[in-house]
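Have a look at the structure below, then the notes.
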Amino acid sequence: MDIVVSGIRPTGNLHLGNYFGAVKNFIKMQNEHKCYFFIADYHSLTTHPTPADLHGNVKNVLVNFLAAGLDPEKATLYIQSDIPEVTELYLLLNMNAYLGELERVASFKEKVRTQPDNINAGLLTYPTLMAADVLIHKAAKVPVGKDQEQHLEMMRNFANRFNRMYKVEYFPAPVAFNFGEELIKIPGLDGSTKMSKSEGDYNAIYLSDEPEVIRKKIMRAVTDAGPTVENQPKPQPVENLFQLMKVLSTTDTYEHFNNLYNTCQIRYGDLKKQLAEDVIVFTHPFREKIKELFVNDNYLHKVASLGAEKARESTSRTIREVREIIGFKVF
Ligand code: ADP
């Protein structure tokens with residue numbers, strides 16, 4: 001059993017891609033490891049949300065992840081800003097984080113390029129805060145995508161540097177959590193290979209979408225004029241719809257439409273209608289749960305308090321030990 005930490009960015013509702021690509025793995029992980037999942041609201045301040053947006057975004061992801069199946073009893077699910085020890089470790093790690101290495105981080109360089117008018121110190125030190133998030137629990141593993149490998153490398157550098165500087169074997173150097181199976185990638189409805197919330201309203205289907213919205217989005221999905229030769233390869237947008245069907249519909253349904261395609265008898269309208277109904281059935285329990293949780297502030301308060309209490313068992317211990325190692329002494 002490993003100690004695993006994963007941050008959740010408070011950015012909008014979960015779509016099917018997030019669910020199959022990330023959340024389903026979290027749900028599996030929480031049964032097998034000691035998992036800490038936190039909503040990264042400190043991190044989100046780099047983009048300066050309004051107070052109402054900040055709270056709304058955190059509530060939204062909390063509700064979505066609970067509805068999707070994260071279990072606050074099994075995992076430790078907490079809000080980053082409820083744990084002041086994280087900020088203390090962030091400050092301490094920053095004393096040994098060098099400007100050169102922070103400036104070299106690809107995601108930072110990308111921000112410098114895309115938003116030159118908001119390059120703040122929080123963005124520069126994003127990797128130190130990420131390291132603090134993980135090291136505060138002395139975690140061994142972090143479930144990350146390829147794009148996060150550099151951040152993970154920095155966490156290891158900060159951990160090893162601290163150990164060397166104080167001649168201790170204190171922080172473990174975290175490695176990537178390997179799911180051990182091929183990750184499912186969910187395609188977008190607009191013909192793009194990836195469902196993503198940054199690709200506009202008609203690319204992604206959210207767990208919270210109402211049936212009417214789901215029907216509308218799927219009916220608008222991109223297709224082509226239809227096959228003219230038997231067994232011809234499917235162009236990307238059509239392949240996308242079949243891929244969604246493979247994940248969400250029964251094998252029989254998939255085979256039925258696949259045969260119609262291969263014999264040039266397919267009517268995309270029928271395929272879309274069927275896919276929409278299957279998506280509606282699949283998302284039904286999530287949609288209902290999201291609505292129920294949204295109006296249950298009392299329960300959300302309990303979840304957040306329980307999470308903070310469980311998280312602080314390790315964060316307060318780590319900070320106490322780190323302060324001692326560094327040489328802070330009580331007079
Ligand atoms: P988005 O691209 O919509 O902003 P994020 O980058 O916030 O999504 O991704 C959050 C998590 O969901 C990541 O772990 C990512 O790998 C996963 N994810 C996002 N989109 C997909 C997708 N289309 N298929 C599979 N996994 C996805």
Side-chain angles (χ1 to χ4, degrees), residues 4-30 33 35-44 46-47 49 53 56-58 60-70 75 77 80 106-107 110-111 114-115 126 130 133-134 141-152 174-209 213-214 217-218 221-222 236-237 239-248 275 279 282-283 286:
V4 182
V5 178
S6 188
I8 299 166
R9 288 186 300 140
T11 52
N13 294 325
L14 288 173
H15 54 65
L16 292 173
N18 301 137
Y19 179 74
F20 285 102
V23 186
K24 257 187 106 172
N25 291 318
F26 284 6
I27 293 166
K28 188 155 167 256
M29 262 177 351
Q30 73 185 359
H33 299 282
C35 291
Y36 294 92
F37 300 118
F38 67 94
I39 299 175
D41 57 348
Y42 279 141
H43 282 281
S44 75
T46 56
T47 58
D53 281 349
N57 293 344
V58 170
N60 223 7
V61 281
L62 181 60
V63 163
N64 268 262
F65 272 83
L66 288 170
L70 279 206
L77 175 60
Q80 186 185 31
S107 54
E110 165 86 8
K111 297 282 186 216
T114 55
Q115 49 172 68
Y126 211 92
M130 283 178 91
D133 291 326
V134 171
K141 303 222 164 135
V142 190
V144 292
K146 278 233 176 326
D147 55 331
Q148 294 284 323
E149 196 40 60
Q150 195 179 14
H151 290 142
L152 199 53
V175 296
F177 184 94
N178 188 347
F179 289 108
E181 54 197 89
E182 196 61 16
L183 291 179
I184 296 181
K185 190 160 103 183
I186 303 292
L189 291 176
D190 58 358
S192 60
T193 54
K194 192 171 172 249
M195 186 173 279
S196 172
K197 58 182 145 305
S198 50
E199 296 300 318
D201 288 347
Y202 287 93
N203 165 284
I205 295 169
Y206 295 91
L207 299 182
S208 56
D209 276 349
V213 175
I214 294 174
K217 284 182 178 176
I218 293 181
V222 179
Q236 185 72 51
E239 175 63 29
N240 285 356
L241 293 180
F242 273 94
Q243 272 184 35
L244 282 172
M245 201 164 233
K246 204 170 210 165
V247 176
L248 290 152
L275 180 61
V279 170
F282 176 80
T283 49
F286 299 116

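Start at 1 with the first residue, then count along the sequence. Numbering of ligands and ligand atoms starts at 1, following listing order.
Screening residues 239-248 for side-chain hydrogen bond (donor to acceptor under 3.5 Å, both in side chains) gives Gln236-Asn240 as the qualifying pairs, with residues at least two apart or on separate chains.
When atom types are taken as modelled, the side chain of Asp209 and the backbone of Tyr206 share a donor-acceptor pair closer than 3.5 angstrom. The backbone N or O of Gly17 lies less than 3.5 Å from a partner atom in the side chain of His15, making a donor-acceptor pair. Side chain of Asn64 to main chain of Asn60: a donor-acceptor pair is present (N/O by atom type, distance under 3.5 Å, no hydrogens or angles).
Taking the side chain as every heavy atom from C-beta outward, Tyr19 and Phe282 approach each other to under 4.5 Å. The shortest distance between side-chain heavy atoms of Phe38 and Asp133 falls below 4.5 Å.
For ligand 1, the protein residues placed under 4.0 Å by at least one non-hydrogen atom are Arg9, His15, Gly17, Asn18, Gly21, Ala22, Ile184, Lys185, Ile186, Lys194, Met195, Ser196, Lys197.
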